[in-house]
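Computed from heavy atoms alone, side chains included, the values below leave out hydrogens, waters and symmetry copies.
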Amino acid sequence: MIKVVVVGACGRMGGEVARLIIEQNDMKLIAGVEAAGHPLLGTAIGSGFVVADLSRFLCPTVDSRQPIADVVVDFSIPDAVIENVQRCVQAGKPFITGVTGLNETQMQALKTASEKIPVVYAPNFSVGVCVLARLVVEASALLQEDYDVHIIETHHKRKKDAPSGTAKMLLEKIKAKIGEREVGMSSIRTGDVVGEHKVIFGGPGERLELTHKAESRVAFAAGVITAIRFVQNRPPGFYSIADILKKG
């Protein structure tokens, strides 16, 4: 059994990941972690409870009955992610996160941690988005300067960061192919949209649109389940969803 702790377990994404972990035959959700003062602290989740202290599940204690995590999954907030990955470095535990809105310093902290432990980071764990990224790279290479490019991303109105981490990832891949040419970017926050990303290539007399629509958070959570299995016994490194799909 792979023993997993989910940080942010009562949030929209963390909750979906927690639900899927419980359904797996080779995994056990031993605890959920939320911020101090959260109204669901102390409630049951998986085989354990929602608590405020991740550290108790990372290092052996005097209580031999206390389960120790094999993997930590974090869908909290940027500041908490950095604190938690540092705890995992100290305990030598693999770390997975899909939290977006990380600044350059925070992203560098994740990469530094990956020198000591395996870290899986993906702004989007969807397999479909990974395929979209590959198609966008191919289209960017083929269409070149005769086509202008625009990225449109839409999410629910509670999403704080804009543009999304996935949109930034797509932009980075496009720029790697087309250089300094301008790429338009639009962010829409409305309703309960889980996530939609569209890349438009507009050229003479035609328009190519590549679109991914997430119908539910299961699309992302299923990728996290794959990442949990992937990260077991991996050497230190900074892994992406593309690495997971490639290596299995």
### Task
Would you sort out whether I200 and R207 count as a side chain to side chain contact (heavy atoms under 4.5 Å, CB included), showing the intermediate values?
CA-CA 7 Å; I200 303 172; R207 183 175 69 250; 3.4 Å; yes
Can you establish whether the number of heavy atoms outside [X] located under 6.0 Å from its atom [atom1] is more than 12?
X    : atom1 : result
E138 : CD    : no
K173 : NZ    : no
R134 : CZ    : no
K177 : NZ    : no
E23  : CD    : yes
K213 : NZ    : no

Closest contact, heavy atoms only, [X] versus [Y]:
X    : Y    : answer
T100 : P78  : O-CG, 3.8 Å
A18  : I45  : CB-CD1, 4.1 Å
V194 : F220 : CG1-CE1, 3.5 Å
S47  : I30  : OG-CA, 3.6 Å
K28  : M1   : N-SD, 4.3 Å
C59  : A91  : SG-CB, 4.2 Å

Between [X] and [Y], is there shared hydrophobic-cluster membership here, with clusters defined by ILVMFWY side-chain heavy atoms closer than 4.5 Å?
X    : Y    : value
V7   : L110 : yes
I21  : I241 : yes
V99  : V85  : yes
I2   : L58  : no
V120 : L20  : yes

Quick check for you: to the nearest 0.5 Å, what is the distance between [X] atom [atom1] and [Y] atom [atom2]?
X    : Y    : atom1 : atom2 : value
L135 : L132 : CG    : CG    : 6.5 Å
E206 : L143 : CD    : CG    : 7.5 Å
R87  : F95  : CZ    : CZ    : 10.0 Å
H212 : N124 : NE2   : CG    : 6.5 Å
I225 : D26  : CD1   : CG    : 8.5 Å
F49  : T43  : CZ    : OG1   : 9.0 Å

### Query
Under the criterion side chain to side chain contact (heavy atoms under 4.5 Å, CB included), which of K157, H155, R12, R158 is the partner of D192?
R158
Contact check, side chains of [X] and [Y], non-hydrogen atoms, under 4.5 Å:
X    : Y    : value
F201 : S140 : yes
S164 : K159 : yes
I151 : I174 : yes
T105 : Q108 : no
V33  : V6   : no
D243 : F238 : no
F57  : K3   : no
I68  : K93  : yes

### Task
Might you work through the salt bridge (Lys or Arg N to Asp or Glu O under 4.0 Å) test for E153 and R189, ending with a clear yes or no?
CA-CA 9 Å; E153 57 96 355; R189 297 290 175 265; 2.8 Å; yes
### Verdict with supporting geometry, L41 and E34, side chain to side chain contact (heavy atoms under 4.5 Å, CB included)
CA-CA 7 Å; L41 288 178; E34 281 293 348; 4.2 Å; yes
Is a side-chain donor or acceptor of [X] paired with a backbone partner of [Y] at a separation under 3.5 angstrom?
X    : Y    : result
T154 : I188 : no
Q106 : N103 : yes
Q144 : A141 : yes
R181 : V149 : no

### Query
Quick one: do K175 and E172 make a salt bridge, cutoff under 4.0 Å?
no
### Query
Side chains of H197 and T211: do they bring a donor and an acceptor to under 3.5 Å?
no
### Task
Kindly determine whether V73 and F75 satisfy side chain to side chain contact (heavy atoms under 4.5 Å, CB included), including the steps that lead there.
CA-CA 7 Å; V73 176; F75 280 94; 3.6 Å; yes
### Query
Under 6.0 Å between ring centres, would you say that holds for F230 and Y239?
yes
### Candidate pair M169 and V129, rule side chain to side chain contact (heavy atoms under 4.5 Å, CB included), full reasoning
CA-CA 10 Å; M169 177 270 291; V129 164; 3.9 Å; yes
